[in-house]
Every structure is written in C-alpha cells, then in structure tokens.
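Notes follow once the structure below has been shown.
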2 protein chains.
Amino acid sequence: MTTATTSRDLPHPARDEIRLEDILHALADPMRLQIVRELATDGGELSCSHFDLPVTKSTTTHHFRVLRESGVIRQTYRGTAKMNGLRRDDLDGLFPGLLDTLLDAATRQAVRLRSA
Amino acid sequence: MTTATTSRDLPHPARDEIRLEDILHALADPMRLQIVRELATDGGELSCSHFDLPVTKSTTTHHFRVLRESGVIRQTYRGTAKMNGLRRDDLDGLFPGLLDTLLDAATRQAVRLRSA
DNA sequence: CGACTCGTACGATAGGCATCGTAGTACGTG
DNA sequence: CACGTACTACGATGCCTATCGTACGAGTCG
C-alpha cells in the first residue's frame with residue numbers, strides 16, 4: 001500500500017510569502033509558543049493529539065492553523081493523524097538565527113519564571 | 001536651571017516583569033516594528049513627533065504606550081517633548097541577541113520586499 | 001497672560017481573535 | 001458496512017485592539 005500519505009493537502013504559504021509580522025503574531029500567543037517549543041525539542045513531526053493543551057480540540061485546531069498559515073509549521077495528513085513539523089529550512093533561510101534566538105528566549109523566560 | 005527633565009514620570013515594567021509574549025505582540029504590528037527599527041538606527045532617543053506615521057496623533061500615542069508597557073522602549077518627558085529610547089540593556093540582559101536578530105530579520109524582509 | 005506646540009484622555013467604532021460547543025468528515029480496523 | 005478515532009467546520013460569545021475625533025493638560029515663547 002505504498003505509504004500513500006493520503007494526499008489530502010493543506011494550504012501553506014510559499015517561502016517568500018512568509019511575513020515576519022505573521023510569525024511574531026503567531027508566537028505571541030503562549031499556547032502556540034509552547035507548541036513550537038515542543039516541536040523544536042522533538043526535532044521531528046508530532047501529531048496534534050500529542051499535545052495536551054488546556055483548551056478544547058476546536059481551539060487546538062485553530063492554533064495549529066494560525067501556525068501553519070504564518071509559515072511556522074508544515075502540516076501533513078498521515079492517515080487520520082495530522083503531523084506537524086517546524087519549517088526550519090524556510091525560516092532559517094529567510095531569517096537566519098531568528099527561530100533559535102526566539103526558542104532560546106522562551107527557554108530563558110521559562111527558567112526565570114520557574115525559579116521566581 | 002539644572003536641566004530638570006520635568007519629573008513627570010510614566011509607568012514602565014521593571015526588567016523582570018518584561019514578558020517575551022508582550023514583546024512579540026508589540027513588534028507584531030508593522031507600525032510599531034517600524035518605530036523600533038528607526039529607534040535602533042538612530043541609537044539614541046527620538047521624540048514622538050519625529051515619526052511621520054500614517055495615523056493620527058491619538059493612534060501614535062497608543063502605539064508608543066504599547067511599546068512602553070511591553071518593556072521595549074523607555075519614555076521620558078523632556079519639556080513638551082516625550083523622548084523614546086530602546087531598552088537595550090534590559091532586553092539584551094533578559095534575551096541575549098533577540099533584539100538584534102529581530103532587527104536583522106526586519107531589515108532582511110524590507111530588502112526582500114523592496115526588490116520583489 | 002496669551003498663543004502655540006506636543007502629547008493625553010476619553011468615548012466610539014469596527015474588526016480581529018481566543019474560546020467554546022455541536023455537528024460533521026476522513027480514515028483505519030474489525 | 002459499522003464503529004471508533006482524529007480532526008474540521010461553523011456559529012456564537014466576549015474580549016482585545018487599531019483607529020479616529022474631540023476636548024484637554026503641560027510646557028515654551030512672545
């Protein structure tokens with residue numbers, strides 16, 4: 001059965017359609033920043049249902065869509081699951097160092113607030 | 001007359017009250033990102049009226065307040081003028097490299113969109 | 001004091017958005 | 001085909017926010 005990846009595609013912005021303001025807006029939400037941090041830690045792709053967020057599934061869908069439409073993540077169906085992965089190549093190509101610096105900033109703040 | 005700086009103070013978040021999400025939210029607005037870019041280019045302090053933004057003065061005041069309350073800029077009265085400066089020390093202390101990386105990203109996008 | 005400039009405050013408005021609930025679709029498995 | 005799982009679509013709601021206009025306060029200069 002050729003591991004067909006099910007073809008049902010989702011709209012993503014092309015690399016040169018990605019806007020910095022959209023990225024910042026996407027990451028300005030704590031829920032979405034958390035998702036991106038987990039994706040970065042994992043390094044690979046994670047299904048939506050992997051995340052245990054304190055909101056309903058509707059809201060989770062909404063956040064993943066914002067991340068996809070801003071160009072931060074790439075989403076692909078794989079059977080019933082929807083896999084999510086960071087668009088590292090595109091982001092690093094457009095804005096070198098941005099993603100890593102943002103992730104580092106998020107980590108620093110998490111550490112700082114935890115030990116406060 | 002001792003250059004009194006007029007004393008009339010404005011509320012700023014302390015360094016450890018600054019939140020990454022607030023910074024990202026502040027900079028996600030094109031108008032505010034532009035203001036920050038000009039402040040960074042200048043390096044010093046600029047009055048509100050220096051900026052020629054395509055919005056009314058009320059709206060300009062609003063944007064500067066968002067930047068101040070998020071901890072991105074410091075505002076001080078000097079006579080009738082209100083001077084604005086980046087909080088470089090605080091931002092670099094909390095989130096090393098973040099401000100420079102964001103400014104670089106903004107510049108890259110500006111160049112890219114101009115030559116599109 | 002009076003006039004002028006710079007910026008603020010406040011109310012209104014319109015649009016955006018995070019959230020929810022319910023109903024529904026797509027896919028895999030028995 | 002029937003069922004369960006994973007995710008979506010849509011409508012509603014309440015909050016946030018970018019914008020404006022007008023009226024006002026604070027400071028400077030004549």
Side-chain angles (χ1 to χ4, degrees), chain A residues 1-12 19 21-36 39 45-70 72-85, chain B residues 1-12 19 21-36 39 45-70 72-85:
Chain A
M1 38 51 146
T2 56
T3 315
T5 319
T6 328
S7 78
R8 197 167 140 232
D9 288 342
L10 292 158
H12 289 79
R19 294 289 174 273
E21 311 88 272
D22 296 337
I23 296 177
L24 298 182
H25 171 247
L27 299 184
D29 183 283
M31 210 78 75
R32 294 193 288 258
L33 184 56
Q34 183 56 35
I35 291 174
V36 169
L39 284 175
E45 294 191 320
L46 294 173
S47 71
C48 291
S49 57
H50 166 271
F51 296 86
D52 189 28
L53 303 174
V55 291
T56 64
K57 282 198 297 180
S58 308
T59 306
T60 303
T61 298
H62 162 70
H63 285 308
F64 276 105
R65 183 171 47 225
V66 172
L67 287 171
R68 170 170 50 82
E69 292 179 345
S70 68
V72 175
I73 68 172
R74 189 173 293 281
Q75 294 189 295
T76 48
Y77 282 107
R78 194 159 311 164
T80 64
K82 192 185 198 174
M83 304 306 289
N84 305 276
Chain B
M1 37 54 138
T2 58
T3 315
T5 318
T6 329
S7 78
R8 196 166 142 232
D9 287 343
L10 291 158
H12 290 78
R19 295 290 174 270
E21 311 88 271
D22 295 338
I23 295 177
L24 298 183
H25 172 248
L27 299 185
D29 183 283
M31 210 78 73
R32 293 192 287 258
L33 184 57
Q34 183 56 36
I35 292 173
V36 169
L39 284 175
E45 295 190 320
L46 294 172
S47 71
C48 291
S49 56
H50 166 271
F51 297 85
D52 189 27
L53 303 174
V55 291
T56 63
K57 282 197 299 179
S58 308
T59 307
T60 302
T61 298
H62 162 69
H63 285 307
F64 276 104
R65 181 171 50 226
V66 172
L67 286 172
R68 169 169 50 82
E69 291 179 345
S70 67
V72 175
I73 68 172
R74 189 173 292 282
Q75 294 189 294
T76 48
Y77 282 106
R78 196 158 310 164
T80 64
K82 192 185 200 175
M83 304 306 289
N84 305 277

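Chain letters run A, B, ... following the sequence lines, proteins first, then strands; residues in each count from 1.
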Distance-only polar pair, side chains of A:Thr61 and A:Ser58, donor-acceptor under 3.5 Å: no
B:Ser58 side chain, from C-beta outward: closest of D:dC7, D:dT22, C:dT19: D:dT22
Closest listed nucleotide, where the reference is the side chain of A:Ser47 and the choices are C:dT19, C:dA9, D:dC7: D:dC7
Side chain of B:Lys57 (C-beta onward), nearest among C:dT19, D:dC7, C:dG7: C:dG7
Residue-phosphate contact under 4.0 Å: A:Arg65 side-chain N/O, D:dA9 OP1/OP2: yes
Out of D:dA18, C:dT22, C:dT19, whichever nucleotide has its closest atom nearest the side chain of B:His62: D:dA18
Side-chain N or O of A:Arg32 closer than 4.0 Å to phosphate OP1/OP2 of C:dA18: yes
Among C:dA18, D:dA18, C:dT19, the one nearest B:Val66 by side-chain distance: D:dA18
Side-chain touch B:Ser49/B:Lys57, heavy atoms, less than 4.5 angstrom: no
Sugar-phosphate only, base, or nothing, as touched by B:Thr59 at under 4.0 Å among non-hydrogen atoms: base
Sugar-phosphate, base or nothing in reach of A:His25, heavy atoms under 4.0 Å: sugar-phosphate
First of A:Thr80 and A:Met31 reached from the 5' end of DNA chain C, by closest nucleotide: A:Met31
Touch class at under 4.0 angstrom, heavy-atom based, for B:Thr61 against every strand present: base
